[in-house]
Each structure stands twice: as structure tokens, then as C-alpha cells.
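Worksheet: the structure to be examined is printed underneath.
Note that the structure is predicted; figures quoted are calculated from it, not measured.
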Amino acid sequence: MRLRASGFTLVELAIVLVIIGIILGAVLKGQELVFNAKVKRAQSQVKEVIAALYTYYDKYGYYPGDDPTASSRWSVDNGTGDGLITDVVCNNINEESCLFWKHLRLANIISGDANATTPAALVPKHAFGGPIDVYSNTTSGHLLIQLSNLPGDAAAAIDRNMDDGKCDTGSVIAIAGTCTGGSYSSTSYYNMTIQI
């Protein structure tokens with residue numbers, strides 16, 4: 001009597017390898033789709049902030065955060081009314097870069113808790129999890145939106161889609177992170193500003 005050796009045939013192994021390849025391809029493609037969706041969402045968030053800013057300006061005649069008449073409408077601190085949103089990133093709940101978000105929320109232009117007591121609770125997060133800040137460049141007076149803690153590949157994609165793709169020129173600029181010869185590094189994290 002002959003004993004038959006058990007095991008997989010070459011055809012069975014080939015089929016298993018093809019199935020594993022298909023699954024890996026689907027996972028990798030899925031990760032790419034998720035990444036691209038996050039990039040598009042971050043870009044949409046920038047556009048939403050710009051729209052909210054100008055909606056407030058059209059309604060009240062001042063930038064949110066800089067509005068010197070805000071306390072006549074709500075229980076909130078006023079801005080200086082000098083046409084600038086000062087203080088760069090929101091670090092103190094009563095500075096103009098924090099009041100920016102309070103004024104927008106109290107005017108029902110954006111959602112969120114206008115009575116948040118910490119900057120971390122007040123400042124919204126972009127699609128990659130970092131804070132979104134709005135402030136004025138004190139030298140040029142231009143308004144800037146800052147997206148902080150962006151992965152290098154995300155920062156590069158946003159810059160390519162919204163500007164020239166170079167981290168050191170144009171209206172989208174990396175202000176923190178490795179920028180060599182205008183190129184983003186995939187291993188670095190970036191703070192980038194978008195000029196409004």
C-alpha cells in the first residue's frame with residue numbers, strides 16, 4: 001500500500017499568493033485613497049475658514065478676533081480694530097488669534113463651543129489632526145492660515161494643489177520643517193501658512 005504525501009500543490013500555492021497580492025494591493029490603494037481624502041479635506045477646511053472670515057467681515061465690518069464691537073453683541077472680549085489679527089497662534093484664550101474662533105462661533109458662522117476655556121478646546125483641527133490658526137503677518141499685513149503638524153507628504157500635496165509645490169516660495173510656505181531646495185521631506189513634519 002502506497003502512502004500519499006499531504007501538502008499543497010504548486011497551483012494551490014500560486015492561487016494563495018495571487019489572493020495575498022490582491023489583498024495587499026487593495027489595502028495599499030485604500031491607504032492612498034484615505035490619504036488623498038484627508039488632503040482634499042484639509043484644503044476644504046482652508047476654504048471654509050476663508051469663507052467664514054469674509055462672511056463675518058461682510059456682516060460686521062471687522063475681521064473676527066479683531067472686532068472692537070464684539071462685546072456689544074456677545075459676552076466676549078473685543079479686538080483692537082486695527083485690521084490685523086495679532087498674536088500668531090492661539091496660546092492665550094483672550095488674544096485675537098483665539099478671539100477669531102470665538103467671534104465666528106458666537107456669530108453662528110461656524111460650529112463649536114464659543115465658551116471653551118482652553119486654546120486646545122477652542123482651535124479646530126485639520127484633517128491630519130493639527131491645529132488651524134489664523135493671524136496677520138505683522139510685516140506685510142496679509143492674513144495667514146496656519147496648518148500645524150502636517151506630515152511631509154501631506155504638506156507637499158497641499159502645496160502642489162494650492163500653489164507652486166515648493167516649500168519656500170509662493171502663497172503656501174513651510175515655516176517649520178525641513179525645506180531643502182524648495183522640496184518637502186517625507187520624514188519631516190511641517191507648519192505651513194497659506195496667504196489669504
Side-chain angles (χ1 to χ4, degrees), residues 21 23-54 63-66 83-102 104 110 112 116 118-196:
I23 291 170
L24 283 174
V27 167
L28 293 174
K29 187 63 176 174
Q31 288 175 337
E32 181 184 336
L33 290 172
V34 168
F35 172 79
N36 289 337
K38 283 182 166 183
V39 167
K40 288 191 185 322
R41 178 65 189 128
Q43 290 171 210
S44 293
Q45 287 175 299
V46 168
K47 292 174 185 172
E48 290 166 9
V49 169
I50 293 169
L53 182 146
Y54 285 119
Y63 292 131
D66 185 50
L84 300 172
I85 300 170
T86 57
D87 304 310
V88 189
V89 297
C90 176
N91 289 318
N92 180 320
I93 205 74
N94 294 318
E95 56 194 25
E96 286 188 353
S97 56
C98 291
L99 290 174
F100 177 87
W101 301 110
K102 283 187 170 196
L104 285 175
I110 64 169
T118 65
L122 185 63
V123 176
K125 307 288 186 252
H126 57 70
F128 291 92
I132 302 171
D133 284 290
V134 179
Y135 56 89
S136 296
N137 179 321
T138 54
T139 305
S140 68
H142 291 116
L143 288 171
L144 303 172
I145 297 175
Q146 180 173 314
L147 304 179
S148 298
N149 302 325
L150 279 170
D153 51 354
I158 291 169
D159 197 337
R160 270 193 314 275
N161 293 340
M162 298 184 79
D163 194 32
D164 60 3
K166 296 181 180 173
C167 57
D168 56 358
T169 62
S171 61
V172 178
I173 295 177
I175 58 170
T178 305
C179 181
T180 307
S183 297
Y184 290 92
S185 167
S186 62
T187 59
S188 186
Y189 277 77
Y190 291 87
N191 293 352
M192 67 186 328
T193 60
I194 297 123
Q195 182 178 308
I196 299 175

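At least one side-chain heavy atom of F128 sits less than 4.5 Å from a side-chain heavy atom of V39. In this structure the side chain of I173 never reaches within 4.5 angstrom of the side chain of D168, judged on heavy atoms. Side-chain contact between P151 and Y189 is present, with heavy atoms from C-beta onward closer than 4.5 Å. Within the 4.5 Å cutoff, side-chain heavy atoms of W101 are placed close to those of V123. Contact check for T193 versus I145: no side-chain heavy atoms found under the 4.5 Å cut-off. Looking at M192 and V172, their side chains come closer than 4.5 Å, going by heavy atoms from C-beta outward. Proximity of L84 to T138: side-chain heavy atoms (C-beta onward) are nowhere separated by under 4.5 Å. In this structure the side chain of Y190 reaches within 4.5 angstrom of the side chain of T178, judged on heavy atoms.
Closest heavy-atom contact between I85 and E96: CA-OE1, 3.5 Å. Residue K38 comes nearest to A127 through the heavy atom pair O-CB, 3.4 Å, listed as atom of the first residue, atom of the second, then distance. Closest approach of M162 and V46 over heavy atoms only: CE-CG1, 3.8 Å. The minimum heavy-atom distance between S188 and G177, with the atom names listed, is OG-CA, 3.6 Å. Summarising the geometry of L143 relative to S136, their closest heavy-atom pair is CD2-OG, 3.3 Å, with the distance given to 0.1 Å. Between I175 and Y135, the shortest heavy-atom contact is CD1-OH, 3.9 Å.
Separating the CG atom in N91 from the CG atom in N94 is a distance of 12.5 Å, to the nearest 0.5 Å. The CG atom of L144 sits 9.0 Å away from atom CD1 of I194, with the distance rounded to the nearest 0.5 Å. Atom CG of residue D163 and atom OG of residue S171 lie 3.5 Å apart, to the nearest 0.5 angstrom. Here the CG atom belonging to N92 is positioned 8.5 Å from the OG atom belonging to S97, to the nearest 0.5 angstrom. How far CD1 of I158 is from NE2 of H126: 7.5 Å, rounded to the nearest 0.5 Å.
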Practice item. Decide yes or no on side-chain contact (heavy atoms from CB on, under 4.5 Å) for F100 and V49, but give the supporting numbers first. Key: CA-CA 11 Å; F100 177 87; V49 169; 4.2 Å; yes

Practice item. Determine, step by step, whether I93 and L122 satisfy the side-chain contact (heavy atoms from CB on, under 4.5 Å) criterion, reporting the C-alpha distance in whole Å, the side-chain angles of both residues, the deciding distance to 0.1 Å, and the verdict. Key: CA-CA 8 Å; I93 205 74; L122 185 63; 3.7 Å; yes

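Each of V134, I110, L99, L53 was evaluated against P64; a single residue qualifies, L53, per the side-chain contact (heavy atoms from CB on, under 4.5 Å) test.
Counting non-hydrogen atoms of neighbouring residues, nucleotides and ligands closer than 6.0 angstrom, the NZ atom of K125 exceeds 12 such neighbours.
A distance-only check finds no donor-acceptor pair linking the side chain of Q146 to the backbone of D133 [under 3.5 Å].
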